[in-house]
Amino acid sequence: MEHKDYFQKVFDVTCMIPEERVTNYGAIADFLALGSARMVGWALNKCSLSEIKVPAHRVLNRKGELSGRNAFPTPTLMQERLEAEGIEVVDNTVINFKDLFWHPENILKNG
DNA sequence: CCAATGACGACTT
DNA sequence: GAAGTCGCCATTG
């Protein structure tokens, strides 16, 4: 299971996402140089199998839609998680997505 | 091995 | 600017 590290990378970055902030698959893929956002989603889909708690609900697609809501125990859990953090969600889409958008590279900027 | 799929994204028309 | 098309790469059939 060498790809386990692959998950770890994605999980690690996902866990770095601050509250009140969200990101998209492409940003993580770009930061980890995975080459494809699909791989990020693929890894996050497995996050439920991981022992690590991952705020996967903070990861959305480029349009800010909760594309992965169906992968949660309940399709509404993802939205509830976001709303619990003060993020407004309507029609499976995060409001002010571009304003809440956060890029993993910010980790390096802030140290 | 070939074909199809997926929590996507960028490019082209 | 919306809709359509291709690329991405690992998994599954």
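Every value quoted in this text rests on a predicted model; they were computed, and no experiment measured them.
No engagement by A29(A) is indicated, since no non-hydrogen atom pair under 4.0 Å with the nucleic acid exists. At a threshold of 4.0 angstrom between heavy atoms, the contacts of N61(A) are confined to the sugar-phosphate backbone, with no base atom among them.
Comparing the P positions of dG7(C) and dA3(B) gives an interatomic distance of 15 Å, to the nearest angstrom. On the C1' atoms, dA7(B) is 23 Å away from dA3(C), given to the nearest whole Å.
Salt-bridge annotation for R58(A) and E85(A): present, with a side-chain N of the basic residue lying under 4.0 Å from a carboxylate O of the acidic one.
For the pair K46(A) and M39(A), nearest-nucleotide mapping onto DNA chain C gives the more 5' position to M39(A).
The CG-P distance, from L34(A) to dT11(C), rounds to 13 Å in whole Å. Separating the CH2 atom of W42(A) from the P atom of dT5(B) is a distance of 19 Å, rounded to the nearest angstrom. Spacing between atom OH of Y6(A) and atom P of dC9(C) amounts to 10 Å, rounded to whole angstrom units. Look at CD1 on I28(A): it is 14 Å from C1' on dG9(B), rounded to the nearest Å. One atom, OH of Y25(A), and another, C1' of dA7(B), lie 3 Å apart when rounded to the nearest Å. One interatomic measurement links the two molecules: NZ of K63(A) to P of dA2(C), which rounds to 11 Å at whole-angstrom precision. The interatomic distance linking D30(A) (CG) with dA10(B) (C1') rounds to 12 Å, in whole Å. In this structure, R81(A) places its CZ atom 20 Å from P of dA7(B), rounding to the nearest Å.
Distances shown here put every side-chain N or O of N70(A) at or beyond 4.0 Å from the OP1 or OP2 atom of dA7(B).
Across A43(A) and V10(A), no two heavy atoms sit closer than the pair CB-CG2, 3.9 Å. Across E105(A) and F31(A), no two heavy atoms sit closer than the pair CG-CD1, 3.7 Å.
Taking the six-membered ring for Trp, F7(A) and W42(A) have ring centres closer than 6.0 Å.
Side chain of S36(A), nearest nucleotide from dG9(B), dC8(C), dA7(B): dC8(C).
In the model, Q8(A) has no side-chain atom that pairs as donor or acceptor with a side-chain atom of D12(A) under 3.5 Å.
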